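We're numbering straight along the sequence, starting at 1. Bear in mind that the values here come from a model prediction, so they are computed numbers and not experimental data.
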Amino acid sequence: MIRFVEYTLELNAPAVIHAIGGDPNSASTMRYIPGSMVRGAIAGILGDPDSSPRIQTLFHLLILSGKVRFLNAYPARSALRSLPSPTCFRIAKGAQTSELEVIDLSGYGHGDFPEESLKRFPDPFFELSVSPVRVKVRTGVSFHHQRDRQKGRAWQEKGTVFSYEYLQEGQTFAGVIGVEGPDENSIRKTIDELKKTSEKRPELWLGRSRRAQYGGAAALKINPEALLQREVKKTTGVLKGAIAGDSLFRILFTAAAVIRDPVSGQIDPAAIGRVVNEKFGGRVSVEEVWLDFDIAAGYNRKWGLPVVQSATLKAGTMLKLRAVKEISEADWLAIETAGIGERRTEGFGAMIFLPGETPKSFTVNNSEKPRSNMAWPAQVPSLIQRMQKDILRRELGRISAEQAFALAGKADERSIPSGSLLGRLRLPFRKSGEEAIETLKTWLGDGDHALKSTAKKQLSRCRLDGELMFSSWLSESVNRDAGHVLRGFQLDRVWTDYTMNDPEFARNCGKEILGEIRAIFIDAVLAGLARRKRQSKGQNE
């Protein structure tokens, strides 16, 4: 018998939950608190298991026996635990509103697929309810300078500036702990021991740089009052009852899973279909999978050694299965609650079963917008401003390329101006953006230095996106302000998603580079048209 008990972690200080990869001098943070970290914190409270027979017994029961599973703590909204967003969630390209239409690919059948261009669901977590909600995680960034440990100050002659991304304080993360036992009384006794142990230390220090302003100072609260039969508290949208023969159902992995191929014996996340089929004793067939992969690592403080890294199925992986014959509720519930794969005591391999029938699309709402707890100085250092501008340049440059490709791709090939004219229009962009815009204004206007009438006729004949004249688009692009020209770039989303901490700071930095981004965008459209002209000319020859 397995029962689940809820717990919450409230951060009273910033926490760096180190994610793999990136600059070795810097740190990126996970957006959740892994169960392995909570398990390690409980082990730290218990202390040395060899110190007394009672501690040894408790250590074995809570940490080593495999009867207690610490599942990941995900961001909570109104004390309700969120879940990883399924890998089959998509949104239309360009969609970004407070109420977002989500396309669920698991609702489509074989050969059936949405026609619009799609991209991945942007948020890592969502709240499973009647009206699903996007759940935000607030993060911040601190900048540090490498220090001379002997002199106790920052290096003056050399050194490195590095950044720490962290989870902001004041957030609550909710998780569950699975406890196995012969009966409910035995399970409650284990939970009571777990709660008593957690209360010995009012604050848990988690993650990296715990003694240097980070560590979370998390308040752990275990609620032993309600025992749950499943990982999810609310049963809205989850599978219930027996699975009829020849019916569909789905599996959503709510945590990463370490999967070993039953044939080769090697760690292989892609073997999940064979593993699931084996768990059900051949009573299911895998219809579709939406896989994503990750790397699991860690550090064992008792050993003083890093944990061996393993390839994993990423949380949010979705499988659609068909029952070959009827599967009773007790059978599939036993598989769901036990989890799948290795390292399950650390939270890996958790999953929930969902019905096979699901709408092809639905609308999700935003939770509260991310807030910043970091007070910027009156005068932000020039280095930080340059870094913020570089981040925005990279993202806005990517959007420019996408938008220009789409716009040039809709032009009528027969009306595209000659390659020599397009090449001439691109020449000014070898200089600064402001000079290029002023030059184009002169060429498109009237006067001695304007384009000849034959060149202007070529621009007027060209049609972009239906009836829009290329000459009108080009004239508007150089004469209107840059913000109007780039209105389709969803700048408010860029300021929010690509800020180093404060969207207002990103907006102020972004306004200073909009002129050069406009020049990049116009040049990219001209380059796209020139490329299409060359392709059509080659086909004709």
Side-chain angles (χ1 to χ4, degrees), residues 94 380 382-411 416-451 455-456 458-460 462 464-465 468-500 503-533:
V380 179
S382 59
L383 174 63
I384 306 301
Q385 294 185 36
R386 289 199 302 272
M387 293 174 68
Q388 178 66 82
K389 289 178 182 178
D390 286 344
I391 292 172
L392 296 175
R393 279 192 187 96
R394 190 177 299 113
E395 175 59 15
L396 291 172
R398 182 191 65 79
I399 297 174
S400 294
E402 288 184 355
Q403 296 271 7
F405 179 80
L407 189 60
K410 295 177 181 178
I416 295 177
S418 65
S420 59
L421 176 56
L422 292 173
R424 181 185 175 188
L425 293 175
R426 294 191 66 193
L427 277 177
F429 293 98
R430 296 182 180 181
K431 303 178 183 179
S432 69
E434 292 182 2
E435 291 183 55
I437 296 299
E438 291 301 320
T439 300
L440 286 184
K441 284 183 181 178
T442 302
W443 287 359
L444 295 174
D446 299 321
D448 295 337
H449 299 288
L451 293 174
K456 288 185 177 181
Q458 287 191 55
L459 299 181
S460 299
C462 181
L464 297 176
D465 196 10
L468 175 62
M469 287 194 302
F470 179 52
S471 57
S472 300
W473 177 86
L474 194 58
S475 178
E476 179 178 307
S477 296
V478 299
N479 288 296
R480 300 290 295 270
D481 63 275
H484 178 81
V485 176
L486 305 177
R487 60 190 181 279
F489 282 36
Q490 299 174 2
L491 296 174
D492 287 338
R493 179 192 65 82
V494 176
W495 310 147
T496 300
D497 291 352
Y498 292 88
T499 178
M500 295 173 69
E504 189 60 33
F505 171 62
R507 179 181 289 105
N508 292 335
C509 289
K511 287 180 179 178
E512 297 179 15
I513 64 172
L514 284 183
E516 64 183 87
I517 299 300
R518 168 175 61 174
I520 291 172
F521 177 49
I522 296 173
D523 186 39
V525 173
L526 293 171
L529 291 173
R531 182 179 180 182
R532 289 200 61 201
K533 186 70 175 180

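- Interatomic distance, CG of Asp523 versus CZ of Arg430, reported as 10.0 Å (0.5 Å rounding).
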Using the side chain to side chain contact (heavy atoms under 4.5 Å, CB included) rule, take Leu425 and Leu451 through it: C-alpha gap first, then chi angles, then the decisive distance, then the call. CA-CA 10 Å; Leu425 293 175; Leu451 293 174; 4.2 Å; yes
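- A donor-acceptor pair under 3.5 Å is absent between the side-chain atoms of Arg394 and the main chain of Ile391, judged by distance alone.
- In plain terms, the two heavy atoms of Phe521 and Ser400 that are nearest each other are CD1-O, 3.8 Å.
- Using a 4.5 Å cut-off on side-chain heavy atoms (C-beta onward), Pro428 and Trp443 make contact.
- When side chains are defined from C-beta on, Leu529 does not count as touching Arg532, because their heavy atoms never get closer than 4.5 Å.
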In sequence, state the C-alpha distance, the side-chain angles, and the governing distance for Arg518 and Ile522, and then conclude on side chain to side chain contact (heavy atoms under 4.5 Å, CB included). CA-CA 6 Å; Arg518 168 175 61 174; Ile522 296 173; 3.9 Å; yes
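- From Lys441, atom NZ reaches atom OG of Ser477 across 11.5 Å, with rounding to the nearest 0.5 Å.
- No more than 12 heavy atoms of other residues, nucleotides or ligands lie within 6.0 Å of CG in Asp446, so this atom counts as exposed by the packing criterion.
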Stepwise side chain to side chain contact (heavy atoms under 4.5 Å, CB included) test for Leu464 and Lys410: CA-CA 6 Å; Leu464 297 176; Lys410 295 177 181 178; over 6 Å; no
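- Residues Ser418 and Lys533 share a closest heavy-atom pair of CA-CE, 4.2 Å.
- In this structure, Leu474 CG and Leu526 CG are separated by 6.5 Å, a value rounded to the nearest 0.5 Å.
- Contact between Ala519 and Gly433 at its shortest, heavy atoms only, is CB-CA, 3.7 Å.
- Closest approach of Arg493 to Ile399, counting heavy atoms only: NH2-CD1, 3.7 Å.
- Closest approach of Ala524 and Ala404 over heavy atoms only: CB-CB, 3.5 Å.
- Residues Trp495 and Leu392 are in side-chain contact: their nearest non-hydrogen atoms beyond the backbone lie under 4.5 Å apart.
- At least one donor-acceptor pair under 3.5 Å links the side chain of Thr439 to the backbone N or O of Glu435.
- Counting heavy-atom neighbours within 6.0 Å of Arg393 CZ, excluding the residue itself, gives a total above 12.
- Between Phe489 and Val494 there is no side-chain heavy-atom pair separated by less than 4.5 Å.
- Looking at Lys456 and Ser471, their side chains never come closer than 4.5 Å, going by heavy atoms from C-beta outward.
- Counting heavy atoms from C-beta outward, Leu459 and Leu421 have side chains that approach closer than 4.5 Å.
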Please walk me through it: do Ile517 and Ile520 pass side chain to side chain contact (heavy atoms under 4.5 Å, CB included)? CA-CA 5 Å; Ile517 299 300; Ile520 291 172; 4.3 Å; yes
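- Within a 6.0 Å sphere centred on CD of Glu476, heavy atoms belonging to other residues, nucleotides or ligands number more than 12.
- Atom CG of Leu396 and atom CD of Gln403 lie 11.0 Å apart (nearest 0.5 Å).
- Atoms CD1 and CD, on Ile416 and Gln458 in that order, are 11.5 Å from each other to the nearest 0.5 Å.
- At a threshold of 4.5 Å between non-hydrogen side-chain atoms, the residues Asn508 and Glu504 count as touching.
- Taking CD of Gln385 as the reference point, atom CZ of Phe505 lies at 5.5 Å (rounded to 0.5 Å).
- The closest side-chain heavy-atom distance from Leu440 to Phe429 is below 4.5 Å.
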